[in-house]
Q: 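Just passing along the structure, written as structure tokens.
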There are 2 protein chains.
Amino acid sequence: MPQLIKEKKSFLVEGFISVDGHALPNFKIGYETYGELAADTDNAILICHYFSGTSHCSGKYHPDSETPGYWDNFIGPGKAIDTTKYFVIAVDSLTNVCANDPLVKTVGPHAIDPSTGEPFGDSFPILRVDDWVAVQKRVIESFGVATLKAIAGPSGGSVQAATWAANYPDSVERIIMAISPGHYMNPWILAMLKSWIVPIKLDANWNHGNYYNGPLPIDGLRCSIELIQVMGMGFGNLESLYDRRWADNSEDPAQSIDNEFEVEKAFHEQSGIKAQIFDANCLIYTVKAFQLYDLRNKLENIKAKVLLLPASSDMIFPPSLSYTTKEAMESVGIDVELYEIEGTGGHYDGLSEIHQHQDKVVAFLGK
Amino acid sequence: MPQLIKEKKSFLVEGFISVDGHALPNFKIGYETYGELAADTDNAILICHYFSGTSHCSGKYHPDSETPGYWDNFIGPGKAIDTTKYFVIAVDSLTNVCANDPLVKTVGPHAIDPSTGEPFGDSFPILRVDDWVAVQKRVIESFGVATLKAIAGPSGGSVQAATWAANYPDSVERIIMAISPGHYMNPWILAMLKSWIVPIKLDANWNHGNYYNGPLPIDGLRCSIELIQVMGMGFGNLESLYDRRWADNSEDPAQSIDNEFEVEKAFHEQSGIKAQIFDANCLIYTVKAFQLYDLRNKLENIKAKVLLLPASSDMIFPPSLSYTTKEAMESVGIDVELYEIEGTGGHYDGLSEIHQHQDKVVAFLGK
């Protein structure tokens with residue numbers, strides 16, 4: 001199959017007022033599309049990204065790019081979400097964690113407040129996932145699409161998919177919730193999400209979110225990133241990648257509290273790369289948006305069919321959460337299917353192993 | 001059954017040299033005993049505590065103490081480890097995390113270096129779990145006990161039990177490894193343990209471990225404690241305790257990045273209490289000791305029978321690790337039994353739900 005070559009586009013959002021009543025300055029939001037929209041617009045599928053993801057879900061920006069979009073094994077010509085058949089749209093989230101990635105277009109605490117000419121910092125209003133999906137709806141409608149064939153997303157993307165289905169029940173026919181927390185964030189998840197931002201707040205450079213004119217809270221941000229990575233990983237891939245090798249053959253970890261194993265060094269190096277494109281405040285605001293997610297009183301709004309795809313070794317959102325949600329959804333008459341993704345890669349199996357259920361997804365999209 | 005009333009005792013360790021050749025100044029180590037030693041000394045059971053635990057495994061120090069020792073549902077008159085039948089000994093670990101608990105007696109970076117009259121700080125040598133168990137062996141032998149009926153421990157306690165069985169195969173007949181990482185720390189666990197100490201190192205007050213004459217790295221330590229607690233918890237108990245209630249009824253979490261849910265506040269309050277008795281350096285040294293644990297090349301030394309008791313919802317050491325270890329042990333001829341503790345309490349079910357397998361443990365101790 002030919003490799004998809006993608007470009008980031010942007011959509012101007014004007015006069016946006018959040019569900020909590022906060023007015024935002026006009027802003028551009030990034031999006032990507034794949035495939036062709038049918039004349040009757042009935043083949044559109046929206047892809048929602050995970051916590052620290054972007055709208056780059058498939059293909060490459062350049063033929064020589066090292067890695068393709070995060071769900072390249074799932075979206076593309078002849079894949080589960082077949083771009084020769086469907087028109088796929090993906091949109092950058094509001095307060096996108098990768099706000100410093102030049103290809104990401106979003107709005108958040110790093111954006112310029114037109115009333116001061118300075119970045120918002122901690123004066124930026126808290127947004128909800130409801131706001132993210134309201135923006136996605138504008139983008140969809142700009143293509144003349146009134147009803148989506150489906151919305152699919154891994155992890156935080158599944159939260160957006162379910163929020164869509166509850167807020168706009170007549171605008172989406174099916175949702176695919178991979179490695180999902182389910183239909184609300186329970187108190188353990190609230191505390192886990194909180195643990196991700198404490199290190200940033202601990203960094204003196206954070207300055208309660210007002211750091212854009214000074215040194216960045218890089219150390220706190222790297223600590224936060226390492227933590228999220230550890231929780232997202234499974235045992236399997238790390239064992240083969242690093243075993244228990246030392247970071248430096250001449251520095252025995254038993255000889256100094258500073259001497260590390262290779263896996264520790266690798267996580268730290270990776271966090272350094274990500275810290276260049278992550279914005280610490282956007283990470284905090286994104287945690288807050290997800291903490292506020294709770295569809296327990298809106299579940300009966302949902303008319304879409306639901307496909308839940310938890311990963312068996314997931315330690316962020318274990319499969320039990322999907323089974324709980326299946327039960328809750330079925331109790332209000334929602335049509336739900338659930339299949340576990342098998343593997344030892346933890347939460348990340350929801351990206352790398354999603355193709356296991358290609359046949360189930362194809363059947364679900366056709367039912 | 002009558003409530004056990006316990007007191008902490010101490011044992012003087014003289015002329016101790018670690019397995020890596022580091023000489024320690026003479027120090028006192030804390031221990032507790034339960035029940036009576038038989039004349040032929042064949043009824044002794046050693047209990048090894050978890051990461052941030054102490055030798056207080058059962059009973060209360062005072063009749064009006066709020067909480068008993070951590071395995072009070074497992075050790076005592078008529079319980080799985082029946083103190084009317086067995087003589088139970090438990091010993092504080094070296095570099096014990098609760099070094100500032102006045103009832104804990106240990107040695108570590110907080111101890112006075114006799115050569116300077118100042119706390120060791122980062123000049124304290126790294127110790128291994130092998131050193132911890134060597135000290136335990138001295139305590140046991142001071143009672144005239146040459147062979148232990150069994151050693152039992154949850155989590156990090158199981159690491160000590162297995163290290164005992166590998167290092168002193170003729171001195172222990174059975175080991176009970178509850179909520180265990182298994183027979184070595186795999187790279188995911190190395191990275192997870194590392195993530196627990198990064199926040200401490202991020203705290204400027206830590207000063208590379210030399211903080212005893214200045215302000216303590218309390219913020220970093222609290223962040224670390226909250227993280228360990230989140231990872232140790234399961235979904236079940238938090239749901240019923242906190243649901244999604246706000247920390248303050250007048251402070252909607254949707255209105256400010258500072259406004260929290262009750263569960264976030266609760267974790268933070270609990271970390272404040274623990275930070276009073278934890279020593280940040282001892283936590284770092286204890287992480288290091290566990291990171292160094294690797295019995296893959298010593299497994300065939302073990303002669304003891306093994307009982308593995310993983311907890312089904314454990315997200316620190318998931319049951320898969322115990323199954324992997326069972327297979328590895330059986331491949332070198334070790335007699336292994338494994339039963340899962342069922343529940344939704346996560347890692348902590350290895351403490352609160354251990355009594356589920358009382359009958360299995362009684363049978364194991366008799367076989």
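Below, all heavy atoms of this structure are taken into account, side chains as well, without hydrogens, waters or symmetry copies. Throughout, a chain's letter reflects where its sequence line sits, starting with A, and its residues are numbered from 1. Predicted model, so just to flag it, every value in this text is computed and none were measured.
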Q: Under 4.5 Å, counting heavy-atom pairs only, tell me which of A/M192, A/M315, A/H268, A/E226 racks up the most with chain B.
A: A/M315
Q: Let me know if A/R222 has heavy atoms under 4.5 Å from chain B in its side chain, its backbone, both or neither.
A: neither
Q: I'd like to verify something: which residue of A/S224, A/A289, A/P199, A/A204 has the highest number of heavy-atom pairs under 4.5 Å with chain B?
A: A/P199
Q: Return the CG to CG distance between B/L216 and B/D279, rounded to the nearest 0.5 Å.
A: 8.0 Å
Q: Can you sort out the partners of B/I126 under side chain to side chain contact (heavy atoms under 4.5 Å, CB included), two or more places apart, ordered by chain and number?
A: A/I257, B/Y285, B/K288, B/L292
Q: Heavy-atom distances under 4.5 Å only: say whether A/D20 touches chain B with side chain, backbone, both or neither.
A: side chain
Q: Using a 4.5 angstrom heavy-atom cutoff, name the option from A/I284, A/L190, A/L241 with the most pairs to chain B.
A: A/L190
Q: Name the residue from B/V97, B/L283, B/I228, B/T286 that meets the side chain to side chain contact (heavy atoms under 4.5 Å, CB included) definition with B/S52.
A: B/V97
Q: Under a 4.5 Å cutoff for heavy-atom pairs, which residue among A/S313, A/A266, A/G234 has the most contacts with chain B?
A: A/G234
Q: Among A/Y242, A/F267, A/W188, A/W196, who wins on heavy-atom pairs under 4.5 Å with chain B?
A: A/W188
Q: Just to be sure I understand the criterion: a residue of residues 317-325 of chain A counts if one of its heavy atoms is under 4.5 Å from a heavy atom of chain B. Which ones qualify?
A: A/P318, A/S320, A/L321
Q: How far does CG of A/D122 sit from NE2 of A/H208, to the nearest 0.5 angstrom?
A: 5.5 Å
Q: Using only heavy-atom distances, determine whether the side chains of A/N207 and A/Y212 contain a donor-acceptor pair under 3.5 Å.
A: no
Q: Among the options A/A254, A/P187, A/P125, A/G209, pick out the one with the most heavy-atom pairs lying under 4.5 Å from chain B.
A: A/P187
Q: At a heavy-atom separation under 4.5 Å, does A/E262 approach chain B through its side chain, its backbone, both, or neither?
A: neither
Q: State whether a side-chain donor-acceptor pair under 3.5 Å links A/N259 with A/D252.
A: no
Q: Just verifying a value: how many Å separate A/F278 CZ and A/I225 CD1, rounded to the nearest 0.5 Å?
A: 5.0 Å
Q: Let me know if A/F261 has heavy atoms under 4.5 Å from chain B in its side chain, its backbone, both or neither.
A: side chain
Q: Let me know if A/R296 has heavy atoms under 4.5 Å from chain B in its side chain, its backbone, both or neither.
A: side chain
Q: Distance check, rounded to the nearest 0.5 Å: A/F235 atom CZ versus A/M233 atom CE?
A: 12.5 Å
Q: So, taking the atom named CG in A/D131 and the one named CZ in A/R128, what distance separates them when rounded to the nearest 0.5 Å?
A: 8.0 Å
Q: Can you tell me how far the CD atom of B/Q229 sits from the CG atom of B/L238, to the nearest 0.5 Å?
A: 10.0 Å
Q: For A/D258, I'd like to know if atom CG has over 12 heavy atoms of other residues, nucleotides or ligands within 6.0 Å.
A: yes
